[in-house]
Amino acid sequence: MGYALNFNLIWRHFDKLWGGLLLSLELAVISIAIGVVIGLVLAVWYVSAGRVVRAVIAAYVEFIRNVPLILLVYLVFYGLPTVVDLAYSAPTSFVLTLSVYSGAYLVEVFRSGLEAVPRGQLDAGKAIGLTPWQRLLHVRLPTMLRITLPALSNTFISLFKDTSIASVISVPELTFGAQWINFNTFRIVEVYLVTTAMYLVTGYIMLFGLRLVERRFRAAR
Amino acid sequence: MSEAPNAGPVLLDVRDVSKAFGTVEVLRSVSLQVKRGEVVTVIGPSGSGKTTLLRCVNFLESYDSGSIRIDGNEVGYREAGTRQRRRERDLAAMRAETGMVFQSFNLFPHLTAAGNIMLGLTKVRGKKEAEARSIAEHWLGRVGLAHKADSLPAELSGGQQQRVGIARAVAMEPKILLLDEITSALDPELVGEVLAVVRSLAEDGMTMLMVTHEMAFARDASSRIVFMADGGVSAVGPPKEILAAETTNERLRTFLARFRASHF
């Protein structure tokens with residue numbers, strides 16, 4: 001065994017990793033933002049809708065949850081443009097995919113949160129004369145948020161890690177940058193150690209930030 | 001309609017209201033009137049329909065037949081007899097005219113004591129933030145919690161939470177206040193502070209319909225007591241008459257005897 005760790009080549013190409021990390025974050029933030037909108041709208045719709053709408057939303061959630069993300073990425077990037085007349089870049093394609101993907105997970109998180117809001121609070125909102133919309137905005141959503149924050153944090157971090165799958169369609173995010181360095185330097189151990197550390201540190205920073213938010217909200221319970 | 005000689009105008013008029021949950025009839029043709037300024041207490045064994053009746057008055061529950069009017073306006077349906085539910089906006093507007101205090105307080109956990117009171121004032125009554133705040137502070141003072149305006153519900157005791165609940169309801173200046181077993185979830189030593197607030201509101205002439213198991217309080221504070229059994233009104237009258245041990249109403253006598261046995 002004569003493998004000597006040598007990080008010099010990694011540092012020389014570190015811009016690939018750093019730039020990749022920034023792109024990973026960008027992909028995650030945009031996708032999660034769109035996913036949150038999808039999730040919120042569908043969850044609110046779900047809890048107040050009839051059987052047909054519920055079935056459709058449930059089908060979307062089930063479909064996404066039972067298909068591997070990597071397959072969805074292939075389908076949207078290679079499959080969709082051949083069927084319909086669309087042209088998009090790989091990053092756009094991935095954001096589209098991850099948004100729809102995260103939307104499905106977030107519907108579930110938000111739906112269970114909405115259903116966990118105690119009925120008494122909704123009654124109290126009705127009793128003071130709030131309209132359904134006002135009850136949603138001022139009573140149900142704030143309480144739902146407080147209930148779902150821990151689950152939300154986990155989902156966000158998990159979605160951030162999922163951005164690594166964008167590497168399969170050559171989006172130059174962090175994992176793709178790592179692969180590039182590996183192919184060009186053959187320092188496989190070093191590059192993946194450094195990359196792992198970068199995911200880890202970023203994940204921890206996110207978790208720390210989200211826990212701070214959670215604590216603020218928990219204090220206000 | 002009851003016609004006591006010194007009767008004020010009828011404010012709440014419940015007529016022949018029936019309701020079933022599936023095959024279980026929870027309300028059987030219930031009628032009762034509450035006049036302006038009256039305090040009417042509903043007592044009865046659990047499962048007799050007291051809470052359901054109260055929840056029908058502000059249409060937290062719908063009912064199958066009959067009519068409920070407040071100040072002459074049909075509550076949940078467009079017209080008596082038709083079963084056409086009012087639009088949600090109209091229901092909200094009607095509910096703003098009745099205040100309700102709940103057994104489990106039901107404060108909004110993300111809002112402070114003052115915030116709980118201000119929500120309805122700003123969103124429903126359209127008051128400015130500053131005005132709503134001063135109204136909230138006024139009512140918090142009335143219930144003895146001026147110093148807790150910026151406390152969250154989780155930081156308050158049960159008795160304090162319930163007093164905020166009362167303040168939240170009365171700050172809206174409702175025509176009638178509905179009190180649904182408001183001391184049942186409280187530790188015994190906290191009951192007194194809540195009842196004291198209710199008593200002072202009664203002295204101010206607030207019209208109230210309440211469900212309670214506090215018989216002593218019912219006797220002292222009520223204009224009339226309604227005894228419900230099996231979803232129907234079994235007896236109505238002044239407290240002395242209803243709570244008399246020698247009542248001829250068999251069910252009422254059983255209820256009171258059981259009640260006394262379990263409370264002493």
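It should be emphasised that the depicted structure is a prediction, and the values quoted were computed from it without experimental measurement. Here is how names work: the chains are called A, B, and so on, in the same order as the sequence lines, proteins then strands, and each is numbered from 1.
Under the salt bridge (Lys or Arg N to Asp or Glu O under 4.0 Å) criterion, B/Asp71 pairs with B/Arg36, B/Lys175, not counting sequence neighbours.
At a 4.5 Å heavy-atom cutoff, the contact between A/Gln134 and chain B is made by side-chain atoms alone. Only the side chain of B/Arg55 comes within less than 4.5 Å of a heavy atom in chain A; its backbone stays farther off. Neither the backbone nor the side chain of B/Leu121 comes within contact range of chain A, judged by heavy atoms closer than 4.5 Å.
For chain A, the option among B/Met172, B/Met94, B/Lys123, B/Glu88 with the highest count of heavy-atom pairs below 4.5 Å is B/Lys123. Counting heavy-atom pairs closer than 4.5 Å to chain A, the top residue among B/Arg95, B/Gln103, B/Arg89 is B/Arg95. Most heavy-atom pairs under 4.5 Å with chain B: of the set A/Thr131, A/Ile128, A/Leu145, this distinction falls to A/Ile128. Options A/Asp123, A/Val139, A/Leu130, A/Leu122 differ in how many heavy-atom pairs under 4.5 Å they form with chain B, and the most are formed by A/Asp123.
Side-chain atoms of A/Thr92 and A/Ser89 form a donor-acceptor pair, as typed in the model, at a separation below 3.5 Å.
The shortest non-hydrogen separation linking B/Ser222 to B/Met210 is OG-CE, 4.3 Å.
Classification of the A/Trp18-A/Phe14 ring pair by plane angle, with boundaries at 30° and 60°, yields parallel.
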Item to check | From CA spacing to verdict: side-chain hydrogen bond (donor to acceptor under 3.5 Å, both in side chains), A/Thr143, A/Gln121 | outcome: CA-CA 9 Å; A/Thr143 306; A/Gln121 278 184 42; 2.9 Å; yes

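In this structure, CG in A/Leu174 is found 7.0 Å from CZ in A/Phe160, a value given to the nearest 0.5 Å.
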